[in-house]
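All remarks here apply to the structure that follows.
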Amino acid sequence: MTTAYNIHDAKTHFSKLVAAVERGEKVTICRNGEPVMACVPIEKSSTKFPFGAWENLSHADLDALADPTDEETLDAMGL
């Protein structure tokens with residue numbers, strides 16, 4: 001089921017909007033009658049992150065995670 005709210009109503013009734021999404025509904029937020037975003041429930045992962053998984057990473061792996069992101073990657077992400 002999909003429910004639509006204009007921005008003012010979404011701000012006013014935010015708790016109800018969240019409750020609807022928690023029940024599995026899709027909620028659309030509109031500006032001037034035009035949809036601008038959809039709020040959908042998050043799909044929960046069936047696998048849990050293994051405890052201690054970071055212990056198996058080398059310092060080089062961790063350093064790579066900390067490297068700054070280049071402009072090309074940021075552009076591809078739309079940021």
Residue pairs fulfilling salt bridge (Lys or Arg N to Asp or Glu O under 4.0 Å) with at least one residue in residues 6-20, sequence neighbours excluded: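 Listed by first then second residue: nothing to list.
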Under the side chain to side chain donor-acceptor pair (under 3.5 Å) test, residues paired with T12 that sit two or more places apart: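 Per chain and number, T12 pairs via side chain to side chain donor-acceptor pair (under 3.5 Å) with no residue.
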Please output the side-chain donor-acceptor pairs of residues 21-42 that fall under 3.5 Å, not counting sequence neighbours, one pair per line with the distance.
| residue | atom | partner | partner atom | Å |
| --- | --- | --- | --- | --- |
| R23 | NE | E25 | OE2 | 3.4 |
| R23 | NH2 | E25 | OE2 | 3.1 |
| E25 | OE1 | T3 | OG1 | 3.2 |

